[in-house]
Structures are given as C-alpha cells and as structure tokens.
Amino acid sequence: MTRPENDILAYNQAGIEKKWQDKWQDSGLHTVNDDDERPKWFEMTMWPYTSGDLHIGHWYAMAPSDTHARFKKMQGYNVLHPMGFDAFGLPAENAAIKRGIHPYEWTMSNIENMRRQLRRMGTIYDWDREVVTCKSEYYRWNQWIFLKFLENDLAYQAYAPANWCPTCNTVLANEQVVGGECERCSSEVSQKDLNQWFFRITNYAEELLDQSKIDWPNKINIMQTNWIGKSYGTHVQFDISSLGLGTTKIDTFTTRVDTIYGVTFIVISPEHSLVDQLTISQKKEEVDQYVVNARKQSEIERLSTDKEKTGIFTGSYCVNPLTNEKIPIFVGDYVLSSYGTGIVMGVPAHDERDFKFAKKYDLNIKTVIKADKEAKSNPNVAYTGDGILVNSGPYNGLTSEVAIGKISGYLESKNLGEKSVQYRMRDWLISRQRYWGTPIPIIYCKDCGTVPVPEKDLPVLLPDDAEFKPTGESPLELHEKFVNAECPLCKKPGRRETDTMDTFVDSSWYFLRYSSPKYLEGPFDPIALKKWQSVDQYTGGAEHAVMHLLYARFFIKALRDIGLLEFNEPFLKLFNQGHITHSGSRMSKSRGNVVSPDNYVNKVGADAVRCYLMFLGPWDQGGDWIDTGINGISRWLNRIWYISTRDVKSVDISKVVDEKNLKLNQSINKTLKKVTEDLQNFKFNTAIATLMEFTNNLNDLWKDRQVDQNLWERAIRNLLLMIAPLAPHVAEELWEINGLKFSIHAQDWPTWDPEFIKEHNINLVVQVNGKVRDTILVSAEITEGAAKETAISSKKIELHIKGKEIKKIIYVTGKLVNIVAI
RNA sequence: GCCCAGGUGGCGGAAUGGUAGACGCGGCAGACUUAAAAUCUGCUUCCCGCAAGGGAGUGGGGGUUCGAGUCCCUUCCUGGGCACCA
C-alpha cells in the first residue's frame with residue numbers, strides 16, 4: 001500500500017498556503033503606497049494574455065520575478081510589482097464564434113481563474129492596481145492617446161498595400177509577418193490594398209537606435225538595431241528627359257555608389273507609380289500582365305530568396321549620369337516598393353541579385369571593382385565586397401570607401417543625387433479588421449471627411465450586443481447602431497471607423513497605468529507617474545524584441561514629445577528568461593506533455609514549485625522540467641522544516657566548542673554574501689544551491705550539538721530570511737513557529753560581515769608542472785617562502801621532482817604552489 | 001547566407017586563468033521496518049589497480065601561459081533571431 005502523496009511533506013502545505021495568503025491579503029501587507037518614503041523600485045514581468053489557464057511557462061516567468069521583487073522589498077525599497085491582463089485579441093473572438101460565448105464573458109471568466117492561480121503562487125501583486133485592457137476604463141485611454149498622436153502628426157491614414165491574413169481576416173503589422181506567414185496562425189499572408197491607420201514609429205528610428213540609456217541584454221539590442229536597419233547610401237538620379245514625361249529623372253537608392261560605372265540596367269518595382277509612364281505602348285500588354293502576376297503572389301513566394309529573379313523590359317531607357325550610357329529600364333518583382341525609392345540600379349558584377357537577373361536576361365556584366373590590383377575577375381559570381389575601382393573613369397584606383405565619398409560628392413555638386421540614410425523599419429500599421437479590440441475613434445463624414453471623435457465623447461464603446469458570424473467579417477461592420485454616428489463637426493449622419501487597434505497598442509503603455517490605475521482624468525496621474533517613472537526592472541521573453549519592446553520605447557518617446565511625461569525609456573533594465581521544456585521537448589497540447597502547475601502545487605506546494613523552477617537551471621537559459629527533479633526541492637524544504645523546528649534548548653552549553661561556533665558563523669556570513677549577490681543578479685539556481693549547502697552544514701553541526709544556542713537561533717533566522725523571497729509561505733510559517741513577529745516579509749534583508757568570511761586555514765594546492773600532486777592544510781597567513789618550503793618538502797611532491805631540475809616555483813597567494821621541474 | 005547564444009558525468013547543472021564536476025536528480029550499498037514508502041548514512045566522471053596510486057578527461061584540431069572548461073585562431077554540432085532592404 002502506498003501512502004498518500006502529501007505524506008512526503010513534513011508540513012501541511014495547503015493549510016499554510018491558504019493561511020498566509022489570506023493573512024497577507026487581509027493585513028494589506030502587499031498594498032503599495034505612493035507616499036512611502038523608501039526609494040521606489042518598479043519591477044514588472046510581462047503581463048499574460050487572458051488565455052484562461054496559467055501554465056508552467058507563466059510560472060516560470062512570474063515566480064522568479066516575484067522572488068526578485070520580494071528580495072528588493074526586503075532590501076528596503078518601496079516595491080511596485082503589479083499584475084494585469086492583456087485582454088483584447090483574437091482568441092476571445094474565435095471562442096465567441098466557435099462556442100457562442102461573448103468575448104467579454106470568456107475573457108473575464110478566464111481572468112477570474114488566472115487571478116486565483118496567481119494568488120496560489122504566493123505573489124506580492126497589489127490587486128488594487130490591476131489593469132485589464134478590455135475594460136473601457138482602460139481602452140478609452142488608447143483612444144485618447146490615438147487622438148493625441150493624431151494631433152501631433154504621429155498617427156495618419158494611408159491607402160496602401162498591407163499584409164493580409166486570410167485566416168485571421170485582418171491586416172498585420174510587418175512585425176507580425178514571419179517568413180511570409182502570419183505570426184499567430186501561420187497562414188500565408190497576401191497583399192491587400194486598404195485604407196489603414198499608422199503610427200509614425202519611423203520618426204523615432206534614430207532615437208530608437210540609441211541604447212545608451214537602457215541596460216538590456218545585448219541580444220535584444222542587436223535584434224532591435226537590425227530591425228531598424230539603418231543604412232547609409234546615395235540617391236542617384238538617372239535622366240529620362242528624352243522620354244518626354246512629366247518628370248525628367250528617376251530616383252534610385254544605392255549603398256554602393258562606387259559601383260555606378262558598372263550599372264547595366266535599372267529595375268523598378270511592379271507597384272511603383274512610374275511603371276505605367278515608363279512602359280512604351282508596344283510593351284504595355286506584357287508589362288501589365290507581369291505586374292498583375294507579381295501582385296498575385298503570396299508574400300512567401302515574393303520574398304523567397306531562392307526564387308528566380310524575373311522581370312520585364314519596359315522599352316524605355318535612361319542615362320547614367322556619370323557614364324552617359326543608355327541604360328534599359330526593367331520592371332522586376334525582386335525590387336520592393338517600400339524600401340528606398342522602389343527603384344534600383346542594376347550592377348550585376350557586384351550584387352548577387354542583379355547578377356542572377358542579368359544572367360537570366362542576358363544583360364551585360366561589367367566589372368568595376370576588384371578585390372585588389374592583381375585580382376582576376378570570376379565571371380561566374382558577383383564580387384560583392386569592397387575593393388579597388390577599375391573601368392570607372394576618373395575614379396580608377398580608388399578604394400570603395402574613398403570612391404563612395406567622391407562620387408556622391410560629385411553627384412551632389414551637379415544636383416544629380418545626394419547622400420541619404422534609409423531605414424528598414426516601416427511605420428506601425430495599427431488597424432485590425434476585428435471586433436475584440438479598441439475601436440479607433442474616427443467618424444467618416446461625406447462633407448467633413450475623416451473626423452476624430454472629440455475627447456469629450458470618449459470612450460467609443462465596443463457594443464456588447466454584437467453578433468459573431470463565422471464569415472470572418474468584423475461584427476462592427478454589421479452593427480448599425482455602432483456604425484451610424486453623427487459627424488462631430490456638421491452633425492450630419494456619418495459612418496464610424498469599424499477597425500480596431502492592434503493589441504500591441506494596449507501593451508505599449510500599460511506600465512504607466514499601474515502608477516494610477518483608477519485615474520479618471522487621463523491615462524495616468526502625472527503626480528503618481530512622477531513618483532514611479534520608468535520601470536526599473538522588466539523581465540520577459542525575448543520573442544518580444546522587435547514588437548512589444550520596440551513599440552513601448554516608441555510610445556514613451558512620443559508621449560514625452562507631446563509633453564505628457566518626462567523620461568525617455570519605458571524599461572531601464574531588462575532580463576530575458578529562457579523557455580521551459582518538459583523532458584527535453586517543447587510543451588504543447590498536441591504533444592500531450594504540458595506540465596500543469598496546479599497538480600504540483602496540490603502535491604508538494606507552491607513554494608516547492610517556485611523553488612524548483614528557479615533551481616533547474618540559469619533563468620536566462622531556460623530549463624527542463626523533470627518530474628523527479630522537484631522531489632529534491634521538496635526534500636530540501638522538508639529538511640528546512642525539521643532544522644528550524646528543533647528544540648534549541650537541547651543544546652548543552654557545557655559542550656559548546658569554539659571552533660564549531662566559528663565555523664557556523666563563517667557559514668552564515670558566506671551564505672549571506674553569496675545568496676545576496678546571486679539574487680541580485682537573477683542567479684536563482686546557485687542561490688538555492690548555496691542555501692542547500694548551508695542547510696547541509698546546519699544538519700552536520702546539529703549532530704553533536706556543540707554550537708552556541710544564540711548563534712544557532714541566529715543561523716535559523718537568517719536561513720528563514722534568505723528563503724523568504726523564494727519560498728514565502730514556508731518561511732512565514734516557520735518564522736511564526738519560531739516565535740517571531742509577523743511578517744517575515746516586512747523584515748530587513750540581513751547583512752554579512754566580511755571579517756567573519758576570512759579563512760584561517762587553507763588547503764594549499766601543490767602542483768608539479770601544472771598537475772595537482774598534493775594539498776596541504778596550512779595557515780591562511782602563510783608567507784610565500786614558507787609555502788614554497790612546505791610544498792617542496794612534501795613527500796608526495798618529492799617523488800615527482802626527484803632527479804629533476806627545479807626551474808621555477810610559482811606562488812599564488814593563499815592558493816597554490818606550482819613547481820616547474822624538468 | 002548573415003548575426004547572436006550554447007556544447008562539461010547517466011541527467012539538470014557549478015566553477016574571479018589556479019584542486020573540473022558545487023548543488024540536485026537518478027543509481028548502488030547500508031540503517032530503520034514484518035514489508036514497503038518516507039527518512040537517515042555512505043559511494044557514484046571514465047580507464048588500470050586489492051590498495052596506495054597512476055593515466056585520461058569540459059564537441060574536434062591548433063595556439064598563448066608555469067597553469068586553459070575559462071583567453072586567441074580554426075572547425076564541427078545544437079538552439080535562437082534575421083534574411084531579395086539595393
């Protein structure tokens with residue numbers, strides 16, 4: 001017969017968790033006050049989407065950050081560690097379509113469940129500050145900010161080709177298209193021309209590149225830098241005056257103007273407005289057909305780097321401003337309309353894409369750059385590196401770098417071009433053709449045009465009586481009462497914008513709301529914000545590098561420039577946790593290997609689950625959940641329980657041994673130092689390992705009961721204080737059992753004395769030719785001479801140096817002697 | 001293709017250029033028990049050896065150094081990100 005699982009524990013985990021969670025709640029222990037005089041510490045983990053169930057991945061993100069926040073609190077900070085819910089988004093709407101539940105109900109019942117689960121984790125969230133995006137008290141401020149952006153020319157509407165996901169029935173931002181597929185549902189994304197709202201994030205491209213004010217993982221900084229994609233280049237105008245069009249020049253952008261003597265063709269993107277004019281009448285039919293086909297392709301086909309480079313000759317020519325050569329103009333779909341000028345100069349000898357294009361259409365390939373003077377040109381590949389110019393008239397012999405400067409200078413002087421900087425990043429498309437999001441506060445009027453909803457009319461409420469049909473059409477389109485609205489200017493009937501905002505708008509400023517979650521006069525109370533400012537420490541997954549994290553930085557800079565706040569960055573420090581796997585593979589419902597935290601909390605308690613997640617590996621590297629692994633943590637908490645509930649009075653004072661006291665005192669101080677440093681740096685795994693060693697030490701010392709009673713009690717108090725941020729319930733219960741005052745979590749973090757950490761004796765390592773041959777216990781104060789003497793006179797060492805000549809003896813103070821002997 | 005991380009026992013992992021494998025899991029042996037669970041004690045990188053001891057060892061190859069898991073070069077593998085951006 002097996003005993004019930006709970007009997008593996010020395011204590012009633014369910015009982016003490018409930019007891020303390022209730023007491024913390026009732027006593028207001030975690031209530032955060034704005035007027036607390038201690039220095040503020042604003043620490044957040046990325047909020048969860050309201051999917052309904054808190055899985056182990058959430059725990060992995062939240063438990064360690066809660067531990068860190070608790071640690072900062074004990075260190076004397078007034079800590080704001082809030083929680084909220086990212087509650088708008090497609091899954092709620094899909095659930096409504098599938099199961100007939102209104103998204104609001106679905107979302108709110110999910111939140112209910114998640115709150116319950118979060119409480120069980122034993123976190124210090126102050127629930128009075130909770131933020132939920134699908135409530136009008138939150139999203140009205142999305143609308144308000146939208147109007148501010150509009151006023152300040154940071155929001156605009158444009159009719160443009162947009163990424164369309166046929167499954168989600170909505171457009172997507174560039175950031176949400178991954179390899180031509182929808183980031184959410186992996187459907188192939190196509191292009192669709194729509195009138196869309198954009199935020200001018202590109203206005204901030206340059207400032208977003210400045211990472212000097214943030215302490216973030218290098219990886220994220222690199223990803224953002226690459227995403228913004230700044231490149232220096234030159235606009236070059238090719239003459240088309242002979243064509244007799246309205247315009248006399250076509251504008252190209254190149255980063256390699258040093259290759260301009262090698263231009264043998266021009267390629268214009270199929271979407272470019274000049275295509276029609278450039279196409280001669282005999283070619284019109286062919287070119288039209290090509291353009292139609294290009295637009296039909298999916299993003300995947302269009303963006304595939306392996307795809308054959310195709311194009312078609314327009315029949316027109318332009319003139320190279322430096323060589324005066326006549327250059328044919330092609331339309332080709334490898335040129336993107338949205339980058340640079342949408343027209344490129346083709347230099348097949350020095351660009352792989354141009355090379356492939358030239359090969360396919362049998363165009364001239366002219367070498368103008370050589371790696372060095374002696375280099376032979378290989379006709380089968382493009383040489384894309386820098387080098388020395390050849391066949392380039394007056395620029396022959398110059399290096400690429402010098403030539404770029406001279407040629408662009410020349411072009412500028414002749415008004416034929418100019419130096420220029422381009423960014424890969426595009427403006428942020430925020431329109432979504434969906435119901436479950438923030439309505440964009442705009443009314444279209446036949447007479448007045450596009451009219452913003454006046455501030456006093458906010459919020460534009462999402463109607464709650466919408467009908468969900470599986471057609472994919474937004475319920476707002478069909479909702480007469482919502483759509484029909486009076487024009488705020490002329491009061492004539494108008495039509496409301498039915499698109500809603502990308503949910504990343506919600507998360508771009510939610511942290512500001514935590515400072516004053518109930519404020520009614522604006523998105524945040526300026527006085528409260530002045531106190532809490534930027535988030536000091538943010539934690540979350542790296543997958544948000546170019547979306548959420550970039551958008552939030554943009555928002556703060558934009559709000560700052562509008563005059564609403566006074567700082568520059570949303571998140572001063574960032575820590576990325578890794579991913580948690582289960583027995584080596586990614587957790588997914590289809591694999592059936594999802595770890596349910598609730599089951600483990602029931603079995604071994606929330607503290608054990610928290611600690612195991614922090615122990616199984618370095619937080620930033622992620623880790624693997626192994627079912628047997630948590631037993632080790634559970635045993636450890638048990639040992640702590642036994643150790644700290646022992647009867648100290650059983651120590652017989654007459655038997656106390658000074659040496660043991662010293663050892664214990666040293667152990668306490670060493671442990672404090674290491675644990676403090678590790679918690680500070682998110683090294684939870686080694687912090688716990690150190691605490692395990694400490695408990696092992698305590699167990700050993702208890703065996704012969706030769707330590708001082710007061711010292712023992714101090715050891716126990718320190719142990720409990722150190723585990724308090726990690727295992728808050730067990731620590732609180734044991735604190736009480738030891739007769740100490742509620743609450744352990746309101747105590748100061750203990751400090752250590754370096755004086756007690758010093759070693760009195762050391763194991764002197766003796767090496768011969770770098771190999772360890774002996775270790776000798778000596779005084780820590782041993783002199784160099786004595787150490788060398790001791791080493792040489794060791795019997796074990798004698799064997800290894802016999803008959804050899806001692807060349808050199810290296811001494812590392814207090815550590816080792818290395819005898820070099822041949 | 002380009003840019004980042006990584007590669008250490010059976011497993012998760014630890015190691016300011018100075019005793020590689022802390023801590024934990026698992027395993028083995030023992031104690032307690034009628035028995036098991038739980039708990040406790042000991043052992044547990046590999047090879048040779050009864051032992052003392054010796055040898056090898058941090059993906060591979062090379063280098064710097066008295067001494068390299070750690071620094072440098074090179075190569076392979078794994079994970080992540082980006083990728084027709086002119």
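Here is how names work: the chains are called A, B, and so on, in the same order as the sequence lines, proteins then strands, and each is numbered from 1.
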[M] and [N], which share atom name [atom1], separated by this distance in whole Å:
| N | M | atom1 | result |
| --- | --- | --- | --- |
| rC40(B) | rC47(B) | P | 30 Å |
| rU64(B) | rA83(B) | P | 43 Å |
| rC23(B) | rC71(B) | C1' | 28 Å |
| rA22(B) | rU45(B) | C1' | 15 Å |
| rG9(B) | rA15(B) | C1' | 15 Å |
| rG17(B) | rA86(B) | C1' | 47 Å |
| rG59(B) | rU65(B) | C1' | 23 Å |

ask   = Is the NZ atom of Lys249(A) crowded by more than 12 outside heavy atoms at less than 6.0 Å?
value =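 Result for NZ/Lys249(A): enclosed.
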
key: Ring-face cation contact, Trp702(A) with Arg639(A), 6.0 Å cut, 45° max   =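 Judged by the rule (NZ or CZ under 6.0 Å from the ring centre, within 45° of its axis), Arg639(A) is not positioned above Trp702(A).
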
Base versus backbone protein contacts along nucleotides 41-56 of chain B [heavy-atom cut-off under 4.0 Å; B, S, -] = S-----------SSSS

task = Assign a letter to each nucleotide of nucleotides 17-22 of chain B from its 5' end: B, base within under 4.0 Å of a protein heavy atom; S, sugar-phosphate only; -, no contact.
result = -BBS-B

ask   = Where does rG67(B) fall, syn or anti, if syn means a chi angle no more than 90° from 0?
value =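 Anti, which is what one calls it when the glycosidic angle falls more than 90° from 0.
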
Please give, in whole Å, the distance from [N] [atom2] to [X] [atom1]?
| X | N | atom1 | atom2 | value |
| --- | --- | --- | --- | --- |
| Ile797(A) | rC66(B) | CD1 | P | 20 Å |
| Leu550(A) | rG81(B) | CG | P | 17 Å |
| Asp620(A) | rC4(B) | CG | C1' | 14 Å |

inquiry  = Under 3.5 Å, is there any donor-acceptor pair linking the side chain of Lys219(A) to the base of rC3(B)?
reply    =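 Looking at the base of rC3(B), it does not pair with any donor or acceptor on the side chain of Lys219(A) (distance under 3.5 Å).
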
key: Residues that Ile222(A) engages under side chain to side chain contact (heavy atoms under 4.5 Å, CB included), provided they are two or more places apart   =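 By the side chain to side chain contact (heavy atoms under 4.5 Å, CB included) rule, Ile222(A) matches Asn218(A), Asn226(A).
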
ask   = NA contact type, Leu616(A), heavy-atom cut-off 4.0 Å: base, sugar-phosphate, or nothing?
value =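 It contacts sugar-phosphate atoms only.
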
ask   = Hey, does Arg639(A) reach any base, or is it just sugar-phosphate, or nothing, if we go heavy atoms under 4.0 Å?
value =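 Result for Arg639(A) = sugar-phosphate.
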
message = Between Lys356(A) and Glu308(A) (salt bridge meaning N to carboxylate O under 4.0 Å), is one present in this structure?
response =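 No, no charged N to carboxylate O under 4.0 Å.
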
When both hydrogen-bonding distances must be under 3.5 Å and the geometry is Watson-Crick or G-U wobble, what is [N] paired with, if anything?
| N | answer |
| --- | --- |
| rA35(B) | none |
| rG79(B) | rC4(B) |
| rG30(B) | rC40(B) |
| rU58(B) | none |
| rG21(B) | none |
| rA68(B) | none |

Looking at [N], I'd like to know if its phosphate oxygens (OP1 or OP2) sit under 4.0 Å from a side-chain N or O belonging to [X].
| X | N | answer |
| --- | --- | --- |
| Asn576(A) | rA5(B) | no |
| Arg256(A) | rA86(B) | no |
| Arg635(A) | rC40(B) | no |

request  = Search all heavy atoms of Ile268(A) against all heavy atoms of Leu274(A) and return the closest pair with its distance.
outcome  =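 Minimum heavy-atom contact is CD1-CB, 3.9 Å.
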
key: Partner residues of Lys804(A) under the salt bridge (charged side-chain N to carboxylate O under 4.0 Å, His left out) criterion, sequence neighbours left out   =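 Lys804(A): no salt bridge (charged side-chain N to carboxylate O under 4.0 Å, His left out) contacts found.
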
query = Can you name the salt bridge (charged side-chain N to carboxylate O under 4.0 Å, His left out) partners of Asp333(A), sequence neighbours left out?
reply =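 In terms of salt bridge (charged side-chain N to carboxylate O under 4.0 Å, His left out), with neighbours along the sequence ignored, Asp333(A) is linked to Lys307(A).
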
request  = Kindly write out the residues that satisfy ring pair (Phe, Tyr, Trp, His ring centres under 6.0 Å) with Tyr600(A), not counting sequence neighbours, or none if the list is empty.
outcome  =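 Checked Tyr600(A) against ring pair (Phe, Tyr, Trp, His ring centres under 6.0 Å); matches are Trp625(A).
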
message = According to side chain to side chain donor-acceptor pair (under 3.5 Å), who are the partners of Thr790(A), at least two apart in sequence or on a separate chain?
response =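 Expected list: none.
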
request  = List in chain and number order the residues that pass side chain to side chain donor-acceptor pair (under 3.5 Å) with Tyr361(A), two or more places apart in sequence or in another chain; answer none if no residue qualifies.
outcome  =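 Result, side chain to side chain donor-acceptor pair (under 3.5 Å) vs Tyr361(A): none returned.
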
key: Sequence neighbours excluded - side chain to side chain donor-acceptor pair (under 3.5 Å) pairs with any residue from residues 679-690 of chain A   =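 Applying side chain to side chain donor-acceptor pair (under 3.5 Å) to every pair that reaches into residues 679-690 of chain A, excluding sequence neighbours, yields Asp678(A)-Thr686(A).
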
